[in-house]
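To keep things clear, I will list the structure first and then write my remarks on it.
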Amino acid sequence: MSIKLLIVGGVAAGASTAARARRLNEHTEIILFERGEFISYANCGLPYYIGREITHRDHLLVATPEMLRNRFNIDVRTFSEVTRIDRENKKVTVKNHISNENYTESYDKLVLCPGGRPIKPPLEGIDLDTVFSLWTIPDSDRIKTYIEKKKPRSAVVIGGGFIGLEMVENLVANGLEVTLVEMLDQLMPHLDVEMASIVQCYIAKKGCHLHLSDAVSSFRKLDGRTMVITGKGEEIHCDMVILCIGVQPNNELARETGLELGERGGIRTNEHMLTSDPDIYAAGDAVEVTDFISGKPAMIPLAGPANKQGRIVADNIFGRRSAYRGTQGSAVVKVFDMTVGLTGNNEKSLKRNGISYLVSFTQSFSHAFYYPGAHMMNVKLIFDPEHGKILGSQIIGNEGVDKRIDVIATAIRAGMTVFDLEELELAYAPPYSSAKDPVNIAGFVASNIIRGDMKIIKWYELDEINRNTHILLDVRDFDELEMYPSLTGAVHIPLNELRDRLSELAKDKTYIIYCAMGQRGYIGYRMLTQHGFKCRNLSGGYYLYDAVKGY
């Protein structure tokens, strides 16, 4: 089958569609339009280029127009913006931004991959020359040039999502003092609050100033510096500002041509990435996807799904019935020496969609504790209370987080349960893991909860207990109390002494057992319940409770 295929947008989804289309059909005429200068570049690497981790700008270019022309015989037209679609006559109008001329091009099949753009609210002073957004290579060029020429000493980052945190790290790497402003009450909205608290404590220790639950109202210049004014009346003086407050789909072309859009503005497609027009497909950040866990429509702009969708578009155009099964939201982000990984739904999403769930918190070493360099990782697992199907996970630590979140992401895609995690046979050697991998440990604990082998209490329930009927029982060792004293009102009996001191406990009370991370609390729980005591174990232990309450 030989057709004329036009593709609008040449970054992740567009370039993937074009290359796959050529591999499937050597004779099709393929024209790719990109309104900017660059195609198929690694915008996820832009913060690291600014921070000089990536030293050469050309390393950000995954493919060039010349490469697509020479290797795939694709007509790549940069600085060319498709401004109108004539669906009835199957033509598009294109503006050449070099010559400033307009022309039309016919198509048999059209693919829309216009991507997204940074949200830029209409605030006073937002167009100041010291206020930057980061989304494209030219954006990174402007920021990098400003830093090198103006030598700023301080910066304010607006927005605590993935890009915001990456920019904090890389601005610090450039020697700047950084303040991060986030309108929500936590960083990283895709994390649940207790996991975000761990990140917040860590960033604060790195010297970053955090302003949470506060939105920016305006920007002004004062005595050669930039002043950021917040909704709470704070005035933060700095030398530059980076806006990282989210992304919105470039949906104007689709809306103007009458294609069906979702509630949040994404282009609506079926599982084959076909729009409401039988000859127009769409893929990438501008497309509304189906959340893999809830089955609800969602906007989840990620590079991996965009590339997969582009491949699926090409398959379907050339007769291969490929389907996109939804987006899990699997992601990983580097925050200084910390790694944060997540996949599936968080608690907020599950509550919003009325999905029942249970939660477990575990802490495990990244590899065998006796091998040098082991670091603790915090694992949150969210699962169905009846069958144990895995619904989501969040992991925070250092090395090895990416490996574990990928294992759990694969388990979610395969429909596996926490009981399956118990049985996974994962590679082990002391430099890489433990005989019981952190994923196995998470499965053990979650399975114990479902089987009834352990009743837990969550960190946010601790402050609501009736102290007349419930007693906190601290089973940590004495030396741990020097740095982290027992919680107010707690009885302290080290775990190794607990069996010999049962006579000091009352069977008409319920004991809330806690240790540093939960494992010793579980052992104490099993001991006490088999001696007829009522108790619950603090999930995640003192460490998790302190991370939330201590920030």
Side-chain angles (χ1 to χ4, degrees), residues 190-192 194-195 291-295 325-326 328-332 340-351 353-366 376-397 400-428 433-459 461 515 517-523 525-526 529 536-541 544:
H190 295 92
L191 293 179
D192 288 315
E194 70 283 332
M195 302 300 276
D291 182 280
F292 185 79
I293 301 297
S294 68
R325 305 298 182 188
Q328 286 172 231
S330 300
V332 66
V340 180
L342 59 150
T343 187
N345 278 188
N346 56 26
E347 288 194 62
K348 292 171 284 191
S349 297
L350 294 169
K351 288 177 182 176
N353 290 312
I355 299 174
S356 300
Y357 66 90
L358 291 173
V359 171
S360 71
F361 297 98
T362 54
Q363 288 84 26
S364 303
F365 283 108
S366 54
M376 192 64 68
M377 65 173 63
N378 297 272
V379 181
K380 178 173 185 175
L381 195 64
I382 310 174
F383 48 95
D384 170 67
E386 184 175 0
H387 304 292
K389 186 176 179 181
I390 306 164
L391 303 174
S393 181
Q394 300 157 38
I395 306 179
I396 299 175
V401 168
D402 54 338
K403 168 184 175 180
R404 275 61 184 224
I405 203 68
D406 281 345
V407 171
I408 296 176
T410 303
I412 289 175
R413 184 63 60 159
M416 296 171 71
T417 70
V418 298
F419 307 110
D420 295 315
L421 296 189
E422 291 184 291
E423 299 178 5
L424 286 182
E425 183 179 333
L426 302 172
Y428 159 60
S433 185
S434 300
K436 296 177 182 177
D437 189 85
V439 173
N440 297 132
I441 297 294
F444 294 150
V445 173
S447 298
N448 285 339
I449 294 171
I450 292 179
R451 293 185 182 112
D453 290 341
M454 177 177 63
K455 292 182 179 180
I456 63 170
I457 185 170
K458 302 185 185 75
W459 62 269
E461 298 173 314
C515 62
M517 296 179 289
Q519 183 181 22
R520 286 172 292 171
Y522 168 62
I523 296 171
Y525 175 94
R526 295 300 301 164
T529 54
R536 297 168 73 184
N537 185 25
L538 178 60
S539 185
L544 185 67

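These numbers were taken from a predicted model, which means no experiment stands behind them. Below, all heavy atoms of this structure are taken into account, side chains as well, without hydrogens, waters or symmetry copies.
- Tyr428 places no side-chain N or O within donor-acceptor distance of the main-chain N or O of Asp437, the cut-off being under 3.5 Å.
- Looking only at distances, a side-chain donor or acceptor of Arg526 sits under 3.5 Å from a matching main-chain atom of Asp453.
- Side-chain N or O atoms of Asp192 include one that pairs as donor or acceptor with a backbone N or O of Glu347 at under 3.5 Å.
- Contact record, Ser393 with Ile408: OG-CD1, 3.5 Å, taken as the closest heavy-atom pair.
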TODO: Mind running side chain to side chain contact (heavy atoms under 4.5 Å, CB included) on Ile456 and Ser360 for me, showing each step along the way?
DONE: CA-CA 9 Å; Ile456 63 170; Ser360 71; 5.9 Å; no
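- Rounded to the nearest 0.5 angstrom, Ile293 CD1 and Asp384 CG are separated by 11.0 Å.
- A pairwise comparison of heavy atoms in Ser330 and Ala409 identifies OG-CB, 3.6 Å as the closest pair.
- Summarising the geometry of Tyr525 relative to Lys455, their closest heavy-atom pair is OH-N, 3.1 Å, with the distance given to 0.1 Å.
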Task: side chain to side chain contact (heavy atoms under 4.5 Å, CB included) assessment of Val379 paired with Ile441 - done: CA-CA 9 Å; Val379 181; Ile441 297 294; over 6 Å; no
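- A distance of 8.0 Å separates CG of Leu191 from CG of Asn346, quoted to the nearest 0.5 Å.
- Across His387 and Thr417, no two heavy atoms sit closer than the pair O-CG2, 3.6 Å.
- Within 6.0 Å of the NZ atom in Lys436, the count of heavy atoms belonging to other residues, nucleotides or ligands does not exceed 12.
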Task: Derivation and outcome, side chain to side chain contact (heavy atoms under 4.5 Å, CB included), residues Tyr357 and Asn345 - done: CA-CA 11 Å; Tyr357 66 90; Asn345 278 188; over 6 Å; no
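- With rounding to the nearest 0.5 angstrom, the OG1 atom of Thr343 is 4.0 Å from the CD atom of Gln328.
- Looking at Asn440, its side chain does come within 3.5 Å of a backbone N or O of Leu424 through a donor-acceptor pair.
- Listed by first then second residue, pairs satisfying salt bridge (Lys or Arg N to Asp or Glu O under 4.0 Å) with a partner in residues 405-428 read Glu422-Arg451, not counting sequence neighbours.
- By the neighbour-count criterion of 12 heavy atoms within 6.0 Å, atom NZ of Lys389 is sparsely surrounded, having that number or fewer from other residues, nucleotides or ligands.
- In this structure, the separation between CE on Met416 and CD1 on Ile390 is 6.5 Å, given to the nearest 0.5 Å.
- The CG atom of Leu391 lies 7.5 Å from the CD1 atom of Ile382; values are rounded to the nearest 0.5 Å.
- Considering every non-hydrogen atom in both Val359 and Ile449, the closest pair reads O-CD1, 3.7 Å.
- Here Leu421 contributes atom CG and Phe383 contributes atom CZ; the two are 10.0 Å apart, rounded to the nearest 0.5 Å.
- Legend: residues meeting side-chain hydrogen bond (donor to acceptor under 3.5 Å, both in side chains) with Glu194, ordered by chain and number and at least two apart, are Lys380, Trp459.
- Taking both residues in full, the closest heavy atoms of Val401 and Val340 are given as CG1-C, 4.4 Å, listed atom of the first, atom of the second, then distance.
- Checked by atom type and distance alone, the side chain of Arg404 pairs as donor or acceptor with a backbone atom of Ser366 at under 3.5 Å.
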Task: From CA spacing to verdict: side chain to side chain contact (heavy atoms under 4.5 Å, CB included), Thr362, Leu381 - done: CA-CA 8 Å; Thr362 54; Leu381 195 64; over 6 Å; no
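- Lys348 contributes no side-chain N or O that, together with a main-chain N or O of His190, makes up a donor-acceptor pair within less than 3.5 Å.
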